[in-house]
**Student:** 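Below you'll find the structure I mean.
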Amino acid sequence: MIAILLNELASALSPMALAAADGDGGPTWMLILGPAGAGATYFLSWRYYRNTHQSHAFERETRIEAQPVTGNDAKVKEIKGTKKTGIDGDNRTNHRQRVQRLG
Amino acid sequence: MTSLPPPGDGDLPPPLDTQIDPPADPTIDTRNERLDDGVNRCPQCGATEIQLRPSAGMLVCLFCRHEWSEARLDETIANGDLTELRGRTIGSGATDIDTGADTLITMKCAGCGAEVVVNTEEQMGARCHWCRHVLTINEQVPNGAVPDAVLPFKITHDDAVARIDAFAGKRRLFADRGFLREFEPDNIVGVYMPYMVVDSNASADIIGRGEIQTRRYTRGSGDDKETFYDADVYEVQRHVDFTVDDLTIESSAERANMDSSTNTNNIINTILPFDTENAVKWNASYLTGFTSEKRDQDVAHLVPVVENQLLSIARSEVQSSVDHYDRGVRWEREKVDIHGTRWVAMYLPVWLYSYYHESGGKGLVHYIAVNGRTGEVMGSVPVSHPRLLAAAAAVGGVIEAIVIAILVAAG
């Protein structure tokens, strides 16, 4: 299992390391990759054993019959020159995060 | 302008205690009337020595080896089109628990007339001490012990042991040494867990904001180069009508608590779903040789859980309709209208291995559970922190060495 983890971490980190070594951000930050890899190994292994993140995926594993989805899309404004790569609080895939209840 | 006369006694509404109660939810009668005398006889020879044979999912007479099964619940109640489901319908085994109901049930033996007491906290049957007949609790007593239906075990003890052994075997390296020393998968217990199985007909509305990128550009040069985005922002509304068949909800308050810092109940939740459409009418003989846990939650306690899950399902259903919002969608308001629900109480089969482990003065029961129908396994294995820390440090060290080598090579 350690070999698999090492392999995955190495393949994820080596392009970053090479880019950094090319002079993009200087070499000093790269030294954090070791502790980060150690932390990731600990966390992923612990989770593999304890499975605290697992639960029944009732959204997919229950027999659901849905009618075609309907709705409206109304443009309300434009954003110019933001540095943010996405909308704040994107919860499109986080189906279990509850938001304000209507009605 | 006219003034209204002061109200006299005749104008007051009747006192609350004399008002007519609102109509109770309609119930589906799921009693197994054939077994009302508490004696489950073999249809072929009349013997009462009956138990489940998991490999066949059938009841077997231990006297003449005849095998049979109770009727599937789905065949005995009208299911109909779920889009036509209105109001709330409850199985007679899922009605509210009477907290005053006695857990000690006195049964009259149909063989000899003796009175036999069964403690439903611990078992669902007893043997008549005079004539040796086996008496089982088949009447739906209102203490949560007798559900509408039971889904018999199909995975055998040996099969479940092998699956748990394989699951734990993949997790030996960093497992707690005490766990490994004491690991005895043969000690698994077959447990019928209490669930509510809910059919629903619902509609949901979801409102939020979505963004579509219109332009991406950079400003500056060299180290000061920065990327900027322009985007259109939309108010997004979605509506979906849907039906859900056999949503399965824990009906024991203790099992429904999924706080992973204090328990590992999420493990048992993860092995869902079951093929609940194959559940059969209640017959306590299915429980012979297994243990069971009583339901302690009424429908009213579980309505918020169902609403929550229906909202999650609705959010999942509308997801593909907002794929074109490439900068994402932030749902802000949501609503579910439940047009109809049908509730059935059910015992579902789980093979359970449990291990109590103390770490840092805090105890936790770790479960490895096997779905008694599909064989799906999930578990929590206590870890050896020193071993895990050593492995993490080793991995970190190797990565650091690679990084240093790259830096040296680069210049």
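Bear in mind the structure is a predicted one, so any value in this text is a computation, not a measurement. The figures that follow rest on heavy atoms only: side chains count, while hydrogens, waters and symmetry mates do not. Chain A is the first sequence line, chain B the second, and so forth, proteins listed ahead of strands; every chain is numbered from 1.
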**Student:** Is B/Ile207 close to chain A through its backbone or its side chain, or both, or neither, when contacts mean heavy atoms under 4.5 Å?
**Tutor:** side chain

**Student:** Any side-chain to backbone donor/acceptor pair from B/Arg315 onto A/Gln97? Under 3.5 Å, distance only.
**Tutor:** yes

**Student:** Can you tell me how far the CG atom of B/Leu82 sits from the CD1 atom of A/Ile64, to the nearest 0.5 Å?
**Tutor:** 12.0 Å

**Student:** When you measure from the side chain of B/Glu334 to the backbone of A/Val99, do you find a donor-acceptor pair of N or O atoms at a distance under 3.5 Å?
**Tutor:** yes

**Student:** Heavy-atom pairs under 4.5 Å with chain B: which of A/Gly71, A/Ala57, A/Pro68 has the most?
**Tutor:** A/Gly71

**Student:** Could you tell me whether B/Glu277 and A/Arg63 have a side-chain N and a carboxylate O separated by less than 4.0 Å?
**Tutor:** yes

**Student:** Go through the atoms of B/Ile313 and report whether side chain, backbone, both or neither lie under 4.5 Å from a heavy atom of chain A.
**Tutor:** both

**Student:** Whether A/Arg92 engages the ring of B/Tyr325 as a cation-pi pair (distance to the six-membered ring centre under 6.0 angstrom, angle to the ring normal within 45°) should be assessed.
**Tutor:** no

**Student:** Is chain A contacted by the side chain of B/Ala409, its backbone, both, or neither, given a heavy-atom distance below 4.5 Å?
**Tutor:** neither

**Student:** Between B/Glu226 and A/Lys83, is there a salt bridge with N-O shorter than 4.0 Å?
**Tutor:** yes

**Student:** Which one of B/Ala175, B/Gly397, B/Ala393 has the most heavy-atom pairs closer than 4.5 Å to chain A?
**Tutor:** B/Ala175

**Student:** To the nearest 0.5 Å, how far apart are CD1 in A/Ile79 and CG in B/Asp232?
**Tutor:** 9.0 Å

**Student:** Counting only heavy atoms closer than 4.5 Å, note whether B/Glu307 contacts chain A via side chain, backbone, both or neither.
**Tutor:** side chain

**Student:** Among B/Ala202, B/Gly379, B/Ser320, B/Ser316, which residue has the highest count of heavy-atom pairs closer than 4.5 Å to chain A?
**Tutor:** B/Ser316

**Student:** Between B/Ile267, B/Leu311, B/Asp246, B/Thr227, which shows the greatest number of heavy-atom pairs under 4.5 Å with chain A?
**Tutor:** B/Leu311

**Student:** Can you tell me how far CG of B/Asn263 sits from OG1 of A/Thr52, rounded to the nearest 0.5 angstrom?
**Tutor:** 11.5 Å

**Student:** Among side-chain atoms of B/His366 and A/Tyr49, is any donor-acceptor pair under 3.5 angstrom?
**Tutor:** no

**Student:** If you count heavy-atom pairs under 4.5 Å between each of A/Thr62, A/Asn94, A/Ile32 and chain B, which one has the most?
**Tutor:** A/Thr62

**Student:** Output, in order, the C-alpha distance, side-chain angles, deciding distance and verdict of side-chain hydrogen bond (donor to acceptor under 3.5 Å, both in side chains) for B/Arg327 and A/Thr85.
**Tutor:** CA-CA 7 Å; B/Arg327 286 174 53 83; A/Thr85 55; over 6 Å; no

**Student:** Need one label for B/Leu364: side chain, backbone, both or neither, based on atoms under 4.5 Å from any heavy atom in chain A.
**Tutor:** side chain

**Student:** Evaluate side chain to side chain contact (heavy atoms under 4.5 Å, CB included) for B/Thr243 paired with A/Glu65, printing each intermediate quantity in order.
**Tutor:** CA-CA 5 Å; B/Thr243 62; A/Glu65 294 211 3; 3.5 Å; yes

**Student:** Would you please test A/His53 and B/Ser260 for side chain to side chain contact (heavy atoms under 4.5 Å, CB included) and show each step?
**Tutor:** CA-CA 9 Å; A/His53 61 298; B/Ser260 61; over 6 Å; no

**Student:** Could you tell me if the side chain of B/Leu389 sits less than 4.5 Å from the side chain of A/Tyr42, heavy atoms only?
**Tutor:** yes

**Student:** Calculate, to the nearest 0.5 Å, the distance between atoms CZ and OH belonging to B/Phe174 and A/Tyr48 respectively.
**Tutor:** 11.0 Å

**Student:** Do B/Glu317 and A/His95 have side chains that approach each other closer than 4.5 Å (heavy atoms only, starting at C-beta)?
**Tutor:** no

**Student:** Quick check for you: among B/Arg219, B/His385, B/Arg333, which has the greatest number of heavy-atom pairs under 4.5 Å with chain A?
**Tutor:** B/Arg333

**Student:** Out of B/Asp241, B/Val336, B/Asp205, B/Ile212, return the one with the most heavy atom pairs under 4.5 angstrom to chain A.
**Tutor:** B/Asp241

**Student:** Measure the spacing between CD1 of B/Ile268 and OG of A/Ser55 and express it to the nearest 0.5 Å.
**Tutor:** 13.5 Å

**Student:** Within the distance-only criterion (no hydrogens, no angle test), does the side chain of B/Asn266 pair as donor or acceptor with the backbone N or O of A/Gln54 below 3.5 angstrom?
**Tutor:** yes

**Student:** Non-hydrogen atoms of chain A under 4.5 Å away: do they reach the side chain of B/Arg216, the backbone, both or neither?
**Tutor:** neither

**Student:** If I compare all heavy atoms of B/Ile399 with all of A/Gly37, which pair ends up nearest, and what's the gap?
**Tutor:** CD1-CA, 3.6 Å

**Student:** Do NZ/NE/NH1/NH2 and the carboxylate oxygens of A/Asp73 and B/Arg238 come within less than 4.0 Å?
**Tutor:** yes

**Student:** Given a strict heavy-atom distance threshold of 4.5 Å, which part of B/Ser321 is in contact with chain A: side chain, backbone, both, or neither?
**Tutor:** side chain

**Student:** Please answer whether the main-chain N or O of B/Ser380 pairs with a side-chain N or O of A/Asn51 as donor and acceptor at a distance below 3.5 Å.
**Tutor:** no

**Student:** Start with the C-alpha distance between B/Leu272 and A/Phe58, add both sets of side-chain angles, then the distance that settles side chain to side chain contact (heavy atoms under 4.5 Å, CB included), and finish with yes or no.
**Tutor:** CA-CA 8 Å; B/Leu272 293 170; A/Phe58 56 86; over 6 Å; no

**Student:** Which heavy atom of A/Asn91 sits nearest a heavy atom of B/Trp331, and at what distance?
**Tutor:** OD1-N, 2.7 Å

**Student:** Do you know the tightest heavy-atom contact between A/His56 and B/Asn269?
**Tutor:** N-OD1, 2.8 Å

**Student:** Quick check on A/Arg60: does its CZ atom have over 12 non-hydrogen neighbours (other residues, nucleotides or ligands) under 6.0 Å away?
**Tutor:** no

**Student:** Carefully, step by step, assess A/Thr82 and B/Phe228 under the rule side chain to side chain contact (heavy atoms under 4.5 Å, CB included).
**Tutor:** CA-CA 5 Å; A/Thr82 180; B/Phe228 292 87; over 6 Å; no

**Student:** Considering only heavy atoms and a distance below 4.5 Å, find which of A/Gly81, A/Gly89, A/Pro35 pairs most often with chain B.
**Tutor:** A/Gly81

**Student:** For B/Arg172, is it the side chain, the backbone, both, or neither that has a heavy atom closer than 4.5 Å to a heavy atom of chain A?
**Tutor:** backbone

**Student:** Decide, yes or no, whether a salt bridge links B/Arg330 with A/Asp90 under the criterion of side-chain N to carboxylate O below 4.0 Å.
**Tutor:** no

**Student:** Which heavy atom in B/Val240 sits nearest to a heavy atom in A/Ala66, and how many Å separate them?
**Tutor:** CG2-CB, 4.0 Å

**Student:** Contact part of B/Asn308 toward chain A, heavy-atom cut-off under 4.5 Å: side chain, backbone, both or neither?
**Tutor:** both

**Student:** Roughly how far, to the nearest 0.5 Å, is CD1 of B/Ile404 from CG of A/Leu31?
**Tutor:** 6.5 Å

**Student:** Contact between A/Lys75 and B/Val233 at the side-chain level, heavy atoms closer than 4.5 Å - yes or no?
**Tutor:** no

**Student:** If you count heavy-atom pairs under 4.5 Å between each of B/Pro273, B/Gly328, B/Ser203, B/Ser312 and chain A, which one has the most?
**Tutor:** B/Ser312

**Student:** Can B/Thr264 and A/Arg50 be counted as having a side-chain donor-acceptor contact under 3.5 angstrom?
**Tutor:** no

